[in-house]
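In what follows, chains carry the letters A, B, and so on, assigned in the order in which the sequence lines appear, proteins first and then strands, with residues in each chain numbered from 1.
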Amino acid sequence: MQVKFENDPTPSAATVTRPLLDWYDRHARDLPWRVSPADRRRGVLPDPYRVWLSEVMLQQTTVAAVKSYFAAFLARWPSVEALAAAPSEAVMGAWAGLGYYARARNLHACAKAVAAEHGGVFPNSAAGLKRLPGIGDYTSAAIAAIAFDEPVAVVDGNIERVVSRLFAIETPLPQSRPLIRHHVDALTPADRPGDFAQAMMDLGATICTPRRPACIVCPAQPVCTGRRAGIAERLPAKLPKRAKPQRRGAAFVAVRPADGAVWLRRRPAAGMLGGMAEPPSSAWSAKADGALGPAAAPFPGDWRRVGSVAHGFTHFDLELDVWRTETAATPAAEGWWSAPDQLGTVALPTLMRKAVTLALKDRKAST
DNA sequence: GAATCGTGGCT
DNA sequence: TAGCCAAGATT
């Protein structure tokens, strides 16, 4: 007796794409940058500026973290021309805390390019979009599909996980990427490519989650090869990561007694926290050496150690010693005094904000 | 192709 | 807790 085809279906446009789009019609997440499937059926497409802004913010960043930044950017810069005309310091300041600051530099460069070279109109194809700063394989495809309904394969981390499970791909990432892309190409529909991409991402974010996927309510469960094989939860396979080294550095927070202003400077445009503000800081070395004391300060002063802050970066952990001094004299160095009421909007990355906060807390406690 | 580049939340 | 993870791009 032969097994009937219906009892052993395979992931395909008929068995995955259509059920998933039906599921999306009922369960799409309501997100500030999104047009609902109902409205899209009426011909409404989202503003490419909003799609682009959200996609760049969402690179390696959670929806929850992005929401307030998206609202703030949109309120302050309602169009790509407005963003293009903004000072760099304002853009970096508004991005502060969101991380991966090259994104903010590229975001601004991209806005300027669209305004100056494209008449303020985003290219309407993935190929055109990918030529712009900060827009790579994923983001170009996502904008083209979501904002223009171009039938291109969109592959992000969610979709890599969903497809790895659907097809029981045991080859670890990133080697499995070509095969995953092949499957996404075959599943992407010509009629609703934007909704399909968003549906796959919603599925990955809410049901086909990294741990403990809710297969019982998954619209693709009947055809999921990984589920059938009992290996879905441990897919996608990934290569082991290297251990994170520990580094150490020092930050020097000078405070002006008259008004409590803090002396800040701008980091070089390239590299770690590029273009962001900081109190003068040492380099971050692999081990603590003698250079971490007041001798490493950018200018002489009555430096007192007030403690340290710990911060985890992607590829190393940092312990930053924080030193504080009071000085009325403007230092003979590059930088500026930032008054207390300005500190909230200055482009301080989280690490440096921690350091400044610790120094000011110590100052308040010691007076 | 591998390394670089942040941060906050979750388990 | 310590590790893992999130709508990746760039060099």
Just jot down the side chain to side chain contact (heavy atoms under 4.5 Å, CB included) partners of A:P172, sequence neighbours excluded, or say none. A:Q175, A:A237, A:L239
What residues, two or more places apart in sequence or in another chain, satisfy side chain to side chain contact (heavy atoms under 4.5 Å, CB included) together with A:D259? A:R256, A:A261
Could you check which residues of residues 346-360 of chain A get a heavy atom under 4.0 Å from DNA chain B? Sort them by number, please. A:P349, A:T350, A:L351
Given the [atom1] atoms of [N] and [M], what is the spacing between them in whole Å?
N	M	atom1	result
B:dG6	C:dC5	C1'	13 Å
C:dA7	B:dT11	P	15 Å
C:dG8	B:dG1	C1'	16 Å
B:dG8	C:dT10	C1'	24 Å

State whether A:R267 and A:E278 are salt-bridged, where the test is any N-O pair (Lys NZ or Arg NE/NH1/NH2 against Asp/Glu carboxylate O) under 4.0 Å. yes
Quick note, side-chain hydrogen bond (donor to acceptor under 3.5 Å, both in side chains) partners involving residues 110-134 of chain A, not counting sequence neighbours, are A:K130-A:D137
Residues forming a side chain to side chain donor-acceptor pair (under 3.5 Å) with A:S54, sequence neighbours excluded: none
My understanding is that only residues two or more places apart in sequence, or in another chain, count here; which of them pass salt bridge (charged side-chain N to carboxylate O under 4.0 Å, His left out) with A:R105? none
Donor-acceptor pairs are to be reported for all side-chain atoms of residues 146-157 of chain A against protein atoms at under 3.5 Å, with residues two or more places apart or in another chain.
{"residue": "A:D149", "atom": "OD1", "partner": "A:R40", "partner atom": "NH2", "Å": "2.9"}
{"residue": "A:D149", "atom": "OD1", "partner": "A:G194", "partner atom": "N", "Å": "3.2"}
{"residue": "A:D149", "atom": "OD2", "partner": "A:R40", "partner atom": "NH2", "Å": "3.4"}
{"residue": "A:E150", "atom": "OE1", "partner": "A:A126", "partner atom": "N", "Å": "2.9"}
{"residue": "A:D156", "atom": "OD1", "partner": "A:N158", "partner atom": "N", "Å": "3.4"}
{"residue": "A:D156", "atom": "OD1", "partner": "A:I159", "partner atom": "N", "Å": "2.9"}
{"residue": "A:D156", "atom": "OD2", "partner": "A:N158", "partner atom": "N", "Å": "3.4"}
{"residue": "A:D156", "atom": "OD2", "partner": "A:N158", "partner atom": "ND2", "Å": "3.2"}

Outermost nucleotides of DNA chain B that come under 4.0 Å of a non-hydrogen atom of chain A: B:dA3 to B:dG8
Any base atoms under 4.0 Å from A:G97, or only sugar-phosphate, or nothing? Heavy atoms, all strands. sugar-phosphate
Using a cut-off of 4.0 Å between protein heavy atoms and nucleotide atoms, how would you tag nucleotides 1-11 of chain C 5' to 3' with B, S and -? ----SBBBSS-
Which label fits A:F122 and A:W52: parallel for a plane angle under 30°, tilted from 30 to 60°, or perpendicular past 60°? tilted
Side chains of residues 310-318 of chain A: which donor-acceptor pairs under 3.5 Å do they make with residues two or more places apart or in other chains?
{"residue": "A:H311", "atom": "ND1", "partner": "A:K354", "partner atom": "NZ", "Å": "2.9"}
{"residue": "A:T314", "atom": "OG1", "partner": "A:Y100", "partner atom": "OH", "Å": "3.3"}

Nearest-nucleotide wise, let me know which of A:G312 and A:P174 is further upstream toward the 5' end of DNA chain B. A:P174
Whichever of A:M272 and A:A65 has the more 5' nearest nucleotide on DNA chain B, that residue is A:M272
Remaining members of A:V44's ILVMFWY cluster at a side-chain heavy-atom cut-off under 4.5 Å? A:V35
Sequence neighbours excluded and cut-off under 3.5 Å, please list the side-chain donor-acceptor pairs for residues 204-226 of chain A, or say none.
{"residue": "A:T206", "atom": "OG1", "partner": "A:D202", "partner atom": "O", "Å": "2.7"}
{"residue": "A:T209", "atom": "OG1", "partner": "A:R211", "partner atom": "O", "Å": "3.0"}
{"residue": "A:T225", "atom": "OG1", "partner": "A:L166", "partner atom": "O", "Å": "2.8"}

